[in-house]
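A quick write-up on the structure given underneath.
Heads up: numbering here begins at 1 and tracks the sequence. Atoms considered below: every heavy atom in the structure, side chains included; atoms not considered: hydrogens, waters and symmetry mates. In listed order, ligands and their atoms are each counted from 1.
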Amino acid sequence: MDIIKEKFEEIGLTKAAEIKEFLKANAEMQLGSYTLDSVVSGMKGIIGLITETSLLDAEEGIRFRGYSIPELREKLPRLEGTEEPLPEGLFYLMLTGKMPTYDEMYEVGSNWTKRAVVPKHVFETIDALPISTHPMTQFSIAIMAMQTESEFAAAYRKGVNKKDYWLYTFEDAMNLLARLPRVAAYIYRRTYKNNVHIEPNPKLDWAANFAHMLGYGESESFKELMRLYMVIHADHEGGNVSAHTTHLVGSALSDPYLAFSAAMNGLAGPLHGLANQEVIRWVLELQEALGGGKPSKQQIEDYINKTINEGKVVPGYGHAVLRKTDPRFIAQMNFAKKHMPNDELVNIVWDVYDVAPNILGSFKKIKNPWPNVDAHSGALLVHFGLKEYDFYTVMFGVSRALGVLTSLIWDRALGLALERPKSVTSDWLKNKISAQAK
Ligand code: HAX
């Protein structure tokens, strides 16, 4: 073992155990208007951000500019003969706070179509990576490669007045949104479809065009799924890792490409967006362990217990804020009931939903035993043949761009400050407690 590694094991881990004990014993200690527990548990419950686009209620779930997911599905404009609203309309709503008319929604789509050309060097950058590179890494690097196009960075260098920052942030956000589906589809086709690419179809709406470039454009149901998927994954207020990262990095006046690429690195974590691939991996492993087929509820229960006993999390379950079944899970379940009620994998997901909350709920420490958005999304994609689960978080990322980039425009319009919370050492905390005791 490295000497320094041995030293850390000897000194660091002993100290870590001591600090953990101290933090637990003093969880209720007041630090201003909040407790030490809020700080230790990832700043849960501490209001430290302003995000205009959406607000999350622990019991009810997400509302975008005041509209719940069922209300959005009813009120946002949609194309004739389709049921799912278009993400173009949701973007308009999040940016302006007003429900768009059909024409206003349509203008957003036409605007993106005009901006959709991805510079050649971005594809060359992706092609330079080993084919085994995880799709999220390819995605993040591709976004960084596009940073050459940043109008914000160019304007800042010229010395633009700060009151105009939002203008250039807007341009970068719109260009990114226009181009991300093409970049994502390129990564998918390169990695899994022998590098055979499909040209965009400018006549299609944003989500349907993404479906088309991925190679699933023949299916009207898949296009509908993409519209739904892009709407429900778009935003989840400001504290989640991807939204918060965009805001944090953007607060240093790093341009939208830098901020969004950083956000995607956060989304790629298994406790956040990567959970959507982990769910399918977990279910497939369960099936493999049983020699294939549909597991019984008892077998699912045993597998959940095994997962927890091995010190792992059950992916797709739990949430830092939500305390009920995620309405984004319900929206996908309703979609599946309509389009694929007899699909085996979908039915396994529903069986997991029948048993997991009871088991997880029996552990006192687990605050939310209910499914989140990621518990369902993969099974829907597998149904249509999109089985390459390592790619799923990229799809989440394309959608998440809608919310976090809208918020970045608002950040610059509001002139929000550089983010710089105070941190302290555990010794500082100990001294503070001693002083309070005197
Ligand atoms: N399976 C097993 N244990 C779980 C659990 C789960 N699904 N959910 C929470 N726990 C455990 C935590 O690991 C933690 O254990 P330790 O104290 O030993 O560290 C304890 O219960 C308390 O956690 P919590 O307060 O209930 O939840 P957190 O706010 O700390 O974490 C997470 C929220 C979503 C990260 C957590 O529930 C989890 O790991 N879930 C599985 C991964 C997942 O589905 N992530 C996606 C979340 C939604 C999202 O961001 N999508 O992008």
Salt bridge or not for Asp235 and Arg400, using N-O below 4.0 Å? no
Do you know which two heavy atoms are closest between Ile131 and Gln138, and how far apart they sit? O-NE2, 4.1 Å
Take the angle between the ring planes of Tyr353 and Trp370 and call it parallel below 30°, perpendicular above 60°, tilted in between. perpendicular
Residues Lys223, Glu84: salt bridge by 4.0 Å N-O rule: no
Write none if no such pair exists; otherwise list each N/O atom of ligand 1 with its protein N/O partner under 3.5 Å and the distance.
unit_1	atom_1	unit_2	atom_2	d
ligand 1	1 (N)	Val314	N	2.9
ligand 1	7 (N)	Val314	O	2.9
ligand 1	7 (N)	Tyr317	O	2.8
ligand 1	15 (O)	Lys365	NZ	3.4
ligand 1	18 (O)	Lys365	NZ	2.9
ligand 1	25 (O)	Lys367	NZ	2.7
ligand 1	26 (O)	Lys367	N	2.8
ligand 1	29 (O)	Lys44	NZ	2.9
ligand 1	40 (N)	Tyr317	O	2.8
ligand 1	44 (O)	Gly316	N	2.8
ligand 1	44 (O)	Asn372	ND2	3.0
ligand 1	45 (N)	Leu271	O	2.9
ligand 1	50 (O)	His272	ND1	2.8
ligand 1	51 (N)	Asp374	OD2	2.7
ligand 1	52 (O)	His272	O	3.4
ligand 1	52 (O)	His272	ND1	3.1
ligand 1	52 (O)	Gly273	N	3.4
ligand 1	52 (O)	Asp374	OD2	3.2

Using 30° and 60° as the class boundaries, would you call the ring planes of His339 and Phe335 parallel, tilted or perpendicular? parallel
Partner set under side-chain contact (heavy atoms from CB on, under 4.5 Å) for Val231, not counting sequence neighbours: Leu72, Pro87, Leu90
